[in-house]
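Okay, structure first, notes after.
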Amino acid sequence: MLSTGGGDCPGLNAVIRAFVKHANQSGKWEVLGCYQSFNGLLMEPTKLIPLTPASVSGIHVRGGTIIGTTNKGGPFAWPVKRFDGTWETIDRSDEMVKKCEILGIEAVVSIGGDGSQRISMALYEKGLPIIGIPKTIDNDLAATDMTFGFQTAVQIATDAVDKLVTTAASHNRVLILEVMGRDAGWIALNSAIAGGAEVCLIPEIPYDVNIINIVINERISRGKNFAVIVISEGAKPKDGCVSQIINDEIGYENVRLSGAAVRLKEELKIAGCQLDIRETVLGHLQRGGIPLAFDRIISAQFGTKAFELVENGQFGNMVAYRYPNIVSVPLKEVISKMNFVDPNCNLVETARGIGICMGDSSIY
Ligand code: F6P
């Protein structure tokens, strides 16, 4: 049984297709897709989707996931309405494991990010034969050199920077682009370098708005009356916290980040920025659409390796990219370490080296 959990991500369908093709070629397996992460298994009636070579034909180029996904609910936090109309969450994990046994499900493949792999690990500890595949546009899993979907998101963000540079220059404006990146600034950092932004603000390096203002003023004194700033949704000012809003979606347990760009705009105005400032929030555009070739290829490799692990009964592992190989890593290891941007890493050094202000220093 395959499941896709958490936010959608370019390449999910390519993973599904690769896995189903291998299973079919082996002649020994039938593959089911669990609707919307593991929720389909817990729904009444159960919602499991047969996956055949015909149903996955040509889907590798399609965004989204043909079996649906969600970042709400799940076996350990299933939302239930109380009599007074409020909601509570209950643990249905034992019921889920039992249901898999009853249905004769011999292997579960969970395609998801850190939250999903934590669930995979907990289910594995309850006896579920499970394998993980790393998915997230944020690229924040340390166990793999890269997650699928990340390269496509970086390209989408870079295209946005390219477009904002020309309009910023035409209007003499400061244009702020807010990109995804809850805890890790990889999308912001890569797209700022690729697109040639002036400022890049990431969760790992708290920013000082006065420094950003100095950088903009220096540009103005050199006759450059515009600037493009790329900011991660999870970026925060020095001594400040992330910008978030209350989420009213039932069962949504993540902190809902929102407003980093708008807040920066106001901070820059207060700091005395002389130029007009506008913000663009790229949002879910980064997760949708056609995956780049790189993501389709790595997704096919992940699907292939996951099938190999299923065949060999190597449960409790996640497939991972360790250039140039696809390997398997124990889930325990996967959930113990995240991949954050090291402020001293080569990519940050490169950004500073080509004149990008990281919000902490105007000297680069
Ligand atoms: O985990 C990937 C991610 O894209 C984060 O960067 C972002 O905060 C989150 O998903 C938003 O998810 P959703 O829009 O589904 O709530």
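Owing to the predicted nature of the structure, the values given are computational and were not obtained by experimental measurement. Every number for a ligand or one of its atoms is a count from 1 in the order of the listing.
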Between side-chain atoms of residues 43-51 and protein atoms elsewhere (two or more places apart, or another chain), which donor-acceptor pairs fall under 3.5 Å?
{"residue": "Glu44", "atom": "OE2", "partner": "Lys99", "partner atom": "NZ", "Å": "3.4"}
{"residue": "Thr46", "atom": "OG1", "partner": "Lys99", "partner atom": "NZ", "Å": "3.1"}

For Arg92, the side-chain hydrogen bond (donor to acceptor under 3.5 Å, both in side chains) test, sequence neighbours excluded, returns Glu95

Please tabulate, one line per pair, the protein N or O atoms found under 3.5 Å from any N or O atom of ligand 1, giving the distance to one decimal.
{"residue": "ligand 1", "atom": "4 (O)", "partner": "Arg287", "partner atom": "NH1", "Å": "3.3"}
{"residue": "ligand 1", "atom": "6 (O)", "partner": "Asp138", "partner atom": "OD1", "Å": "2.9"}
{"residue": "ligand 1", "atom": "6 (O)", "partner": "Asp138", "partner atom": "OD2", "Å": "2.9"}
{"residue": "ligand 1", "atom": "6 (O)", "partner": "Gly181", "partner atom": "N", "Å": "3.4"}
{"residue": "ligand 1", "atom": "6 (O)", "partner": "Glu233", "partner atom": "OE2", "Å": "2.7"}
{"residue": "ligand 1", "atom": "8 (O)", "partner": "Arg182", "partner atom": "NE", "Å": "3.2"}
{"residue": "ligand 1", "atom": "8 (O)", "partner": "Arg182", "partner atom": "NH2", "Å": "3.1"}
{"residue": "ligand 1", "atom": "8 (O)", "partner": "Glu233", "partner atom": "OE1", "Å": "3.4"}
{"residue": "ligand 1", "atom": "8 (O)", "partner": "Glu233", "partner atom": "OE2", "Å": "2.7"}
{"residue": "ligand 1", "atom": "10 (O)", "partner": "Arg287", "partner atom": "NH1", "Å": "3.0"}
{"residue": "ligand 1", "atom": "12 (O)", "partner": "Arg287", "partner atom": "NH1", "Å": "3.0"}
{"residue": "ligand 1", "atom": "14 (O)", "partner": "His284", "partner atom": "NE2", "Å": "2.4"}
{"residue": "ligand 1", "atom": "15 (O)", "partner": "Asn71", "partner atom": "ND2", "Å": "2.9"}
{"residue": "ligand 1", "atom": "15 (O)", "partner": "Arg287", "partner atom": "NH1", "Å": "3.4"}
{"residue": "ligand 1", "atom": "15 (O)", "partner": "Arg287", "partner atom": "NH2", "Å": "3.0"}
{"residue": "ligand 1", "atom": "16 (O)", "partner": "Tyr252", "partner atom": "OH", "Å": "2.5"}

Taking atom types as modelled, find out whether Thr304 and Gln301 have a side-chain donor-acceptor pair closer than 3.5 angstrom.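 The answer is no; no qualifying pair exists.
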
Is a donor on one side and an acceptor on the other found under 3.5 Å between the side chain of Thr86 and the backbone of Arg82?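 Pair absent, no side-chain N/O of Thr86 close to backbone of Arg82.
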
Counting N and O atoms only, with roles assigned by atom type, does the side chain of Ser57 sit under 3.5 Å from a partner on the main chain of Pro53, one being a donor and the other an acceptor?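 Side chain of Ser57 to backbone of Pro53, a donor-acceptor pair under 3.5 Å: no, none is there.
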
List in chain and number order the residues that pass ring pair (Phe, Tyr, Trp, His ring centres under 6.0 Å) with Phe19, two or more places apart in sequence or in another chain; answer none if no residue qualifies. Phe307

